Participant: 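Pasting a structure below so you can have a look.
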Amino acid sequence: MHDQRLLRENLDMLKAQLGARAADVPWEGVRTLVQERSRLMVQVEELRHQLKKGSEEVGRLKREKQPADETMARMKAVGDRIKEIEERLRLADDGVQQVALRIPNLPHQSVPAGPDATANVEMRTWGTTPALAFTPKPHWEIGEALGILDFERAARIAGARFAVLTGLGARLERALINYMLDLHTSRHGYREVLPPFMVNRDAMTGTGQLPKFEEDLFKLRDDDYFLIPTAEVPLTNLHREEVVTEAQLPIKYTAYTPCFRREAGSYGKDTRGLIRQHQFNKVELVAFSKPEDSYEELERLTAAAEAVLQGLGLPYRVMALCSGDMGFSAAKTYDLEVWLPSQNTFREISSCSNFEAFQARRAGIRFRRADGKNEFLHTLNGSGLAVGRTLVAILENGQQADGSVVIPEALKPYMGGVERIGKG
RNA sequence: GGAGGGGUGGCUGAGUGGCCGAAAGCGCUGGUCUUGAAAACCAGAGUCGGGGCAACUCGACCGUGGGUUCGACUCCCACCCCCUCCGCCA
C-alpha cells in the first residue's frame, strides 16, 4: 500500500510510473474519493470541536446549577450532523481503502522496464550444465522408475497436482529441508521459526495476498482462515503492528513450511511432475531492514539463497525481473533459475524481493530511530529454496545412464551416508 | 463446546457519566549534586491524522465494531484475544 499522502498529492506521478502494471486501477474514481474524504474529514473535525466545547459548557452550567437546555438542544443538532457526515466519510474511506489496497508497488529505479519475462535481465550464471552422454529423462520418469515418486496414488488420495514421496525420495526431501535450515541459521545469521500454516485475513492483507488474490488461496470453509501460500506471510506478519528498535535491525528469519496454492489459471502448465503443485515444501528467508540498508540486504539475501544451489552443485542463473514480470508487492526482484536438463532450460527455484515499505505500511511494522522518530521499515523475502523444485533439479542433474541418481556430497550426512539412489 | 474472570500509556496498576490523554509506582530522557556512579531532588516525554514557514493549533485513540447520551475509559449490544475450571483431544 502506498502512503495516503502520495495518493492525495502525487496521484498522476503514481499512475504514470505504474503504467500497465496498474491498468485495472480506476484512477479518476480514486482522485474523487480521496478529495471527498479530505473534505469530509475537515468538516467532521470542525463539528467535533464545536461539540466538545458545547458539552464542556453543559458540564460547567450543570455544576453551577444553571439551565443548560438551550446548549444541549444545539449540541444535539451538531451531534446529528456529525453522524450524517461520518457516515459519508466512512463510505469514502472504505472506497479509498478498497482501491488503495489493490494498487501495486512502484518498481525501484534499478528495475529494467519491460512488459513480460522476455525483458528480464540475466545478472550472472554459476556452474556448468552437465554434458550427458544420453537423452536426459524428466524427473517424474526418473522418480517413478526408482520407486520414490508416486503421482498415481497421490491423485487417488487428493487429486491432480499432488505428489507422494516414499523411501529415499521422502528422505531426500527431508534432507534438503534440514540442509537449507542448517545453512541459513549457522552461516547466514537467520533465526529459525516454525509458524502456523494457516493465518487470518489480516495477515494475508498485510503481505499483499489479499484482497486482490483471494482466488489463488485455499480458504477454510467454516473459519476465516487461509492456508499459507508461502512462509512469507506468517514470518513477515510476526511483527505486525509493532515498533521495533533501530538496534534490533536487521531482523532475519528462516522457516520451513509447506505452501498451499490453488494455481487457478495455470491449467495446462507443468501438468506433469513436481514443478507446479497445490502443496509443496519451501524454506523461506525473511528480513526486516532499515530503509537505507534494504538494497544491500537484498543482495545478501539473494546470496544466501544462491549458497544453497552452490552447496548442492546445481547450475543456475540470476535474473533481474523487469517491471512487467514482478509481483504485486515487490519493488525489486531477483529470480534464481536452476538448470533442468530434461527441459534444456533454466526454471525458477527462488524469488528474492525487496518490498521496501509497501508491506510494512499495510502491516503497520515500524522501527524507532535513535532520535525517537518512528518510521516504516523495509521488508524482504526470498525462497531459500523451493524444496520440491530442488529435488527435481537433483534428480535431473544427478541422473546416470543406468537410471540411478547421484546425491550431492553436501547431503550425504543428511541421507545417512547414501551417495546414490538406485532401483530397489 | 460450557461456566467464571480479565483486556487502560514501555511495564505494574487506579479510574463506575463531565474538571481524564488519563492517578500512582517502576522504567526512560535531560538537569542539579558527585572525582565518577548510586541515592536524592527538579524537569520532560505517547501514537496517528489535519492545518501552519514556524511558535503552535485542531481532531482521533483506554481490545475491536456498533448503540445510548449534550457529553462515554465509565452504561448497553456484538465480536476478538488472554487467564482459571469443566468437557473433548494429539
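Every chain is numbered from 1 and lettered A, B, ... according to where its sequence line falls, protein lines coming before strand lines. From a predicted model like this one, the values you see are computed outputs, not experimental measurements. Only this structure's heavy atoms are used, side chains among them; waters, hydrogens and symmetry mates stay out.
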Participant: When you check the gap from the basic side-chain N to the acidic O, do A/Lys83 and A/Glu86 get nearer than 4.0 Å?
Facilitator: no
Participant: Using atom P of each nucleotide, how far apart are B/C80 and B/C89 to the nearest Å?
Facilitator: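 That atom pair is separated by 25 Å.
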Participant: Tell me which nucleotide, if any, is Watson-Crick or G-U wobble paired with B/A14 when both distances must be under 3.5 Å.
Facilitator: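 Pair assignment: B/A14 / none.
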Participant: Between P on B/G59 and CE on A/Met41, what's the gap in Å once rounded to a whole number?
Facilitator: 15 Å
Participant: With a 3.5 Å cut-off and sequence neighbours excluded, list the donor-acceptor pairs that the side chains of residues 5-18 of chain A form with protein atoms.
Facilitator:
from: A/Asp12; atom 1: OD1; to: A/Arg31; atom 2: NH2; distance (Å): 2.9

Participant: Give the rounded distance in Å between these two atoms: CZ of A/Arg74 and P of B/C70.
Facilitator: 14 Å
Participant: What is the pairing partner of B/A40, taking Watson-Crick or G-U wobble pairs with both distances under 3.5 Å in any strand?
Facilitator: B/U32
Participant: In this structure, how many angstroms lie between the C1' atom of B/G10 and the CG atom of A/Asn374, rounded?
Facilitator: 12 Å
Participant: Judged by each residue's nearest nucleotide on RNA chain B, which is more toward the 5′ side, A/Lys76 or A/Asp3?
Facilitator: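 Closest to the 5' end, via its nearest nucleotide, is A/Asp3.
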Participant: Counting side-chain heavy atoms from CB outward, which of B/C48, B/C58, B/G71 is closest to A/Glu45?
Facilitator: B/C58
Participant: Give none if B/G46 has no partner; otherwise give the nucleotide forming a Watson-Crick or G-U wobble pair with it, both distances under 3.5 Å.
Facilitator: B/C61
Participant: Taking atom CE of A/Met326 and atom NZ of A/Lys332, what is their separation to the nearest 0.5 Å?
Facilitator: 9.5 Å
Participant: With heavy atoms under 4.0 Å as the rule, sort A/Asp69 into base, sugar-phosphate or nothing.
Facilitator: nothing
Participant: Counting only Watson-Crick pairs (N1-N3 plus N6-O4 or O6-N4) and G-U wobbles (N1-O2, O6-N3), all under 3.5 Å, who is the partner of B/G4?
Facilitator: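 Across all strands, the one nucleotide that pairs with B/G4 is B/C83.
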Participant: Of all the nucleotides listed (B/C48, B/G59, B/G49), which has the minimum atom distance to the side chain of A/Arg366?
Facilitator: B/C48
Participant: Roughly how many Å apart are B/U34 and B/C48, using the P atom of each and rounding to a whole number?
Facilitator: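 Rounded to whole Å, the distance is 40 Å.
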Participant: How would you label the contact of A/Met75 with the nucleic acid (heavy atoms, under 4.0 Å): base, sugar-phosphate, or nothing?
Facilitator: sugar-phosphate
Participant: Answer yes if the ring centres of A/Phe358 and A/His378 are under 6.0 angstrom apart, and no otherwise.
Facilitator: no
Participant: Any ion pair linking A/Lys269 and A/Glu263 (charged N to carboxylate O, less than 4.0 Å)?
Facilitator: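 No, A/Glu263 and A/Lys269 are not salt-bridged.
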Participant: For atom C1', what is the distance between B/G71 and B/A3, given to the nearest Å?
Facilitator: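 Their C1' atoms lie roughly 37 Å apart.
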Participant: Please state how far atom NZ in A/Lys52 lies from atom C1' in B/C61, giving the value in whole angstrom units.
Facilitator: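 Interatomic distance, NZ of A/Lys52 to C1' of B/C61: 11 Å.
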Participant: Whether A/Lys53 and A/Glu57 form a salt bridge (side-chain N of Lys/Arg under 4.0 Å from carboxylate O of Asp/Glu) is what I want to check.
Facilitator: no
Participant: Is there a Watson-Crick or G-U wobble partner for B/A90 with both distances under 3.5 Å, and if so, which one is it?
Facilitator: none
Participant: Tell me: CD of A/Glu9 to P of B/G51, nearest whole Å?
Facilitator: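 Going from A/Glu9 (CD) to B/G51 (P), I get 8 Å.
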Participant: NA contact type, A/Arg368, heavy-atom cut-off 4.0 Å: base, sugar-phosphate, or nothing?
Facilitator: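 A/Arg368: backbone/sugar contact only, no base atoms under 4.0 Å.
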Participant: Reckon A/Arg90 has a side-chain N or O less than 4.0 Å from the OP1 or OP2 of B/G65?
Facilitator: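 No, because none of the side-chain N or O atoms of A/Arg90 sits under 4.0 Å from OP1 or OP2 of B/G65.
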Participant: Between A/Glu214 and A/Lys219, does at least one N-O distance fall below 4.0 Å, as a salt bridge requires?
Facilitator: no
Participant: When you compare B/U8 with B/A14, how far apart are their P atoms, in angstrom units rounded to a whole number?
Facilitator: 11 Å
Participant: Which is true for A/Arg8 with a 4.0 Å heavy-atom rule: it touches a base, it touches only sugar-phosphate, or it touches nothing?
Facilitator: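 Contact class for A/Arg8: sugar-phosphate only.
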Participant: Is there any ring-ring contact (aromatic ring centres under 6.0 Å, His included) pair reaching into residues 58-109 of chain A, and which pairs are they, with sequence neighbours excluded?
Facilitator: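 Found A/His108-A/Tyr295.
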Participant: Write down the distance separating the C1' atoms in B/A72 and B/G21, rounded off to the nearest Å.
Facilitator: 14 Å
Participant: May I have the distance from A/Arg48 (atom CZ) to B/A72 (atom P), rounded to whole angstrom?
Facilitator: 11 Å
Participant: In whole angstrom, give me the gap between the P atoms of B/A38 and B/U29.
Facilitator: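 To the nearest whole Å, 10 Å.
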Participant: Could you give the distance separating B/C73 and B/G17 at their P atoms, to the nearest angstrom?
Facilitator: 13 Å
Participant: At less than 4.0 Å, is any side-chain N or O atom of A/Arg5 found next to OP1 or OP2 of B/G50? Yes or no.
Facilitator: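 Checking B/G50 against A/Arg5, a side-chain N or O does come within under 4.0 Å of OP1 or OP2.
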Participant: Between A/Arg63 and A/Val44, which is nearer to the 5' end of RNA chain B once each is assigned its nearest nucleotide?
Facilitator: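 Result of the comparison: A/Arg63.
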Participant: Give A/Lys83 one of three labels, base, sugar-phosphate or nothing, depending on what nucleic acid heavy atoms sit under 4.0 Å from its own.
Facilitator: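 Sugar-phosphate: the residue A/Lys83, judged by heavy atoms under 4.0 Å, touches backbone atoms but no base.
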Participant: May I ask which nucleotide in the shown strands pairs with B/U74, Watson-Crick or G-U wobble, both distances under 3.5 Å?
Facilitator: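 No nucleotide pairs with B/U74.
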Participant: Rounding to an integer number of Å, can you tell me how far A/Tyr225 OH sits from B/C81 C1'?
Facilitator: 11 Å
Participant: Could you tell me how far B/U32 sits from B/A37 if I compare only their C1' atoms? Round to whole Å.
Facilitator: 15 Å
Participant: To the nearest angstrom, how far is A/Leu47 atom CG from B/G71 atom C1'?
Facilitator: 16 Å
Participant: Are A/His49 and B/C58 close enough that a side-chain N or O sits under 4.0 Å from OP1 or OP2?
Facilitator: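 For A/His49, the contact criterion (side-chain N or O under 4.0 Å from OP1 or OP2 of B/C58) is not met.
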